[in-house]
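Notes to accompany the following structure.
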Amino acid sequence: MEMVNEAETKSEAWELARELVRIDSSDPGAYEKEIGEFVYGWLRGRIREAGLEADERDEAGVGAVAAADRKTGKILLCRREALPGRYNVMARIPGEKPGPALTFICHMDTVMLGDGWDEARPALGAVTENGRLYGRGACDMKSGLACALTAFSGILKKVGQGVRPVRPLVFIGTVDEEDFMRGVEAAIRWGWATGEDWYLDTEPTDGQIQVAHKGRLWFELTMEGITAHASNPWKGADAIAAMAEAVSLIRRRIKDCPAHHDLGISTVTFGQIEGGYRPYVVPDRCRVWIDMRLVPPTDTAAAKRIMDEAVRTAEAEIPGVKGSYVVTGDRPYVEKDDQSPLLAALRRAALEVTGQEAEVGSFNGYTDTAVIAGTLGNKNCMSYGPGSLELAHKPNEWVPLADVRRCGKVLGRLAEDVVFGN
């Protein structure tokens with residue numbers, strides 16, 4: 001049974017997070033059409049409530065952004081198709097002086113709804129219980145999305161009351177983060193994301209500011225063998241046996257890679273494998289999909305050398321087999337920059353709100369801001385949001401009310417400090 005206490009109903013971000021969790025934006029699944037329309041409409045409504053005018057566009061690019069910054073009386077509001085039927089959303093409050101914009105960037109999709117949910121806590125139920133919000137995306141990252149939206153709305157209100165923004169504030173809602181991150185890649189192509197502006201995503205960070213990321217490198221490794229009857233295996237070449245040799249060597253080599261003082265160790269996961277077609281036939285083909293998470297100094301070139309060695313070893317151990325691989329995804333690692341002005345501003349805001357220094361750490365996964373940092377060399381990209389990554393993607397995913405309140409206040413303080421030049 002749903003229980004909502006009086007304190008919960010007084011948190012704007014909390015109530016908005018509940019509305020967002022009720023919208024199915026699973027990827028793959030329903031995708032982001034409904035939630036994108038909701039976010040766009042919510043922003044339009046808040047612009048109007050603030051007594052401001054929206055400059056609504058469907059195809060805003062660099063030129064529209066520059067024009068918006070010259071029209072200080074209008075808020076640029078845009079939705080643009082990143083994938084067929086899937087739209088990124090952007091709103092921009094212009095600033096009066098040149099300088100980097102503060103951007104909250106949040107993905108609107110979730111992983112699949114999945115099985116294993118408690119009957120009383122369905123994936124789209126947005127059940128609140130004992131100071132927790134349950135549902136798919138509760139922590140990853142609809143509560144963070146709600147915090148960013150309400151912080152943006154808070155600045156809209158002040159601008160509507162006549163407070164002049166010194167620097168721009170931007171909100172970007174992206175699609176496809178839980179798959180191939182093509183939403184943020186589109187934002188980069190369009191000029192919504194640049195190498196100069198400041199970017200904060202609101203992924204769950206357990207109260208930390210997380211500013212560094214392991215690299216994410218994907219391989220598809222194939223072994224081609226020769227089929228034969230299992231009673232005469234010497235007449236064939238076992239592709240699965242060759243793959244076993246390759247996998248074993250890759251595991252050992254990644255384990256031996258040096259650790260990094262911030263990011264820890266490099267890891268490898270063999271997430272999917274297929275091969276053979278009957279137990280009594282020597283398999284003539286095997287394929288495995290590999291996920292490497294790399295830390296400095298181990299980079300793409302080093303990983304390719306490991307793959308080359310694995311192929312050579314497999315071919316030598318199983319005569320007749322031929323191995324090959326392709327890179328299907330390459331995201332560089334991102335190291336911490338202690339001199340980042342966004343990091344300094346966010347640490348100040350967290351200290352002012354909570355009375356405690358926020359721990360600065362690294363993010364184990366890969367985020368929209370990591371794509372911006374890795375692609376554009378931007379040193380002002382980081383994560384700070386409610387909830388714990390340990391709960392993401394699991395049944396009965398939840399986020400605490402206390403985290404949502406804290407993050408909402410910190411983001412609001414950060415936005416005020418940056419936008420109004422405090």
Side-chain angles (χ1 to χ4, degrees), residues 25 27 31-33 35-40 42-44 54-69 75-95 100-110 140-142 144-145 148-149 151-152 167-203 213 216 329-332 334 342 363 365-385 411 415:
S25 58
D27 178 9
Y31 296 109
E32 306 90 353
K33 183 177 187 297
I35 195 169
E37 291 175 348
F38 177 93
V39 169
Y40 188 89
W42 190 93
L43 285 164
R44 179 201 283 143
D55 178 11
E56 296 191 54
R57 298 172 179 249
D58 290 332
E59 293 293 332
V62 175
V65 169
D69 282 351
I75 311 300
L76 180 62
L77 182 60
C78 178
R79 53 187 163 193
R80 185 167 179 180
E81 191 173 48
L83 294 165
R86 302 167 69 180
Y87 293 78
N88 287 350
V89 176
M90 186 260 281
R92 184 181 182 93
I93 301 171
L102 172 63
T103 302
F104 296 133
I105 184 164
C106 308
H107 67 84
M108 300 182 292
D109 59 330
T110 71
D140 186 16
M141 59 177 294
K142 291 184 174 179
L145 172 59
L149 285 169
F152 189 89
R167 287 176 43 191
L169 178 66
V170 182
F171 167 83
I172 299 175
T174 62
V175 302
D176 196 53
E177 194 273 350
E178 296 291 4
D179 197 1
F180 293 102
M181 310 182 95
R182 290 168 290 186
V184 68
E185 289 177 338
I188 293 171
R189 288 197 309 273
W190 302 335
W192 289 13
T194 72
E196 293 75 38
D197 290 336
W198 298 357
Y199 295 91
L200 180 67
D201 69 58
T202 53
E203 296 278 3
H213 301 263
R216 189 190 72 184
D330 188 356
R331 305 285 190 193
V334 177
L342 174 56
F363 197 93
Y366 217 79
T367 69
D368 280 347
T369 56
V371 175
I372 296 170
T375 304
L376 300 176
N378 189 320
K379 301 291 188 179
N380 291 288
C381 295
M382 54 203 64
S383 306
Y384 182 81
L411 266 57

Quiz item: Under a 4.5 Å cut-off applied to non-hydrogen side-chain atoms, are F152 and L411 in contact?
Solution: no
Practice problem: Evaluate the salt bridge (charged side-chain N to carboxylate O under 4.0 Å, His left out) criterion for residues E185 and R331: first the C-alpha distance (whole Å), next the side-chain angles of each, then the deciding distance (0.1 Å), finally the verdict. | Solution: CA-CA 12 Å; E185 289 177 338; R331 305 285 190 193; 2.9 Å; yes
Practice problem: Measure the OG1-CG distance between T369 and L200 for me, rounded to the nearest 0.5 Å. | Solution: 7.5 Å
Quiz prompt | Spatial distance of atom OG1 (T202) from atom CE (M382) [nearest 0.5 Å] | solution = 14.0 Å
Exercise. Look at the side chain of T103 and the backbone N and O of I105, then say whether any donor-acceptor pair between them is shorter than 3.5 Å.
Key: no
Practice problem: Spell out, as yes or no, whether a donor-acceptor pair under 3.5 Å connects the side chain of Y199 to the backbone of T194. | Solution: yes
Exercise. Could you grab the distance from atom CG of D58 to atom CZ of R80, nearest 0.5 Å is fine?
Key: 10.0 Å
Quiz item: Can you tell which of D109, D368, N88 makes a side-chain hydrogen bond (donor to acceptor under 3.5 Å, both in side chains) with T174?
Solution: D368
Self-check item: With sequence neighbours excluded, residues passing side-chain contact (heavy atoms from CB on, under 4.5 Å) with I188
Solution: A193, V371, I372, T375, L376
Self-check item: Whether D55 side chain and L76 backbone form a donor-acceptor pair below 3.5 Å
Solution: no
Quiz prompt | P94 vs I75 side-chain heavy atoms within contact, under 4.5 Å | solution = yes
Exercise. Starting from the C-alpha separation in whole Å, work towards a yes-or-no answer on side chain to side chain contact (heavy atoms under 4.5 Å, CB included) for W190 and M90.
Key: CA-CA 11 Å; W190 302 335; M90 186 260 281; over 6 Å; no
Practice problem: State whether K33 and E37 are salt-bridged, where the test is any N-O pair (Lys NZ or Arg NE/NH1/NH2 against Asp/Glu carboxylate O) under 4.0 Å. | Solution: yes
Quiz item: Which value, rounded to the nearest 0.5 Å, describes the distance between T110 atom OG1 and D140 atom CG?
Solution: 8.0 Å
Quiz item: M181 versus H107: any side-chain heavy-atom pair under 4.5 Å?
Solution: no
Quiz prompt | Partner set under salt bridge (Lys or Arg N to Asp or Glu O under 4.0 Å) for E81, not counting sequence neighbours | solution = none
Practice problem: Please name all residues satisfying side-chain contact (heavy atoms from CB on, under 4.5 Å) with R167, sequence neighbours left out, ordered by chain then number. | Solution: P100, W198, V418
Quiz item: Under 3.5 Å, side chain of E177 to main-chain N/O of G183, donor-acceptor pair present?
Solution: no
Quiz item: Given side chains that start at C-beta, do those of I93 and F171 come closer than 4.5 Å, heavy atoms only?
Solution: no
Exercise. Just jot down the side chain to side chain donor-acceptor pair (under 3.5 Å) partners of S25, sequence neighbours excluded, or say none.
Key: K142
Self-check item: Minimum heavy-atom distance G36-V89, with the two atoms named
Solution: O-CG2, 3.8 Å
Self-check item: Qualifying residues under ring pair (Phe, Tyr, Trp, His ring centres under 6.0 Å), relative to F363, sequence neighbours excluded
Solution: H213
Quiz item: In chain order, what residues pass the side chain to side chain donor-acceptor pair (under 3.5 Å) check against Y366, with sequence neighbours excluded?
Solution: none
Exercise. Could you tell me which non-hydrogen atom of V334 sits nearest to which non-hydrogen atom of A370, and how far apart they are?
Key: CG2-O, 3.9 Å
Quiz item: Residues in side chain to side chain donor-acceptor pair (under 3.5 Å) with D330, at least two apart?
Solution: T300
Practice problem: Kindly indicate, with the supporting measurements, whether the criterion side chain to side chain contact (heavy atoms under 4.5 Å, CB included) is fulfilled by V175 and M108. | Solution: CA-CA 6 Å; V175 302; M108 300 182 292; 4.1 Å; yes
Self-check item: Partners passing side chain to side chain donor-acceptor pair (under 3.5 Å) against D27 (at least two apart in sequence or in another chain)
Solution: R86
Quiz item: Are D201 and T367 close enough that a side-chain donor and a side-chain acceptor fall under 3.5 Å?
Solution: yes
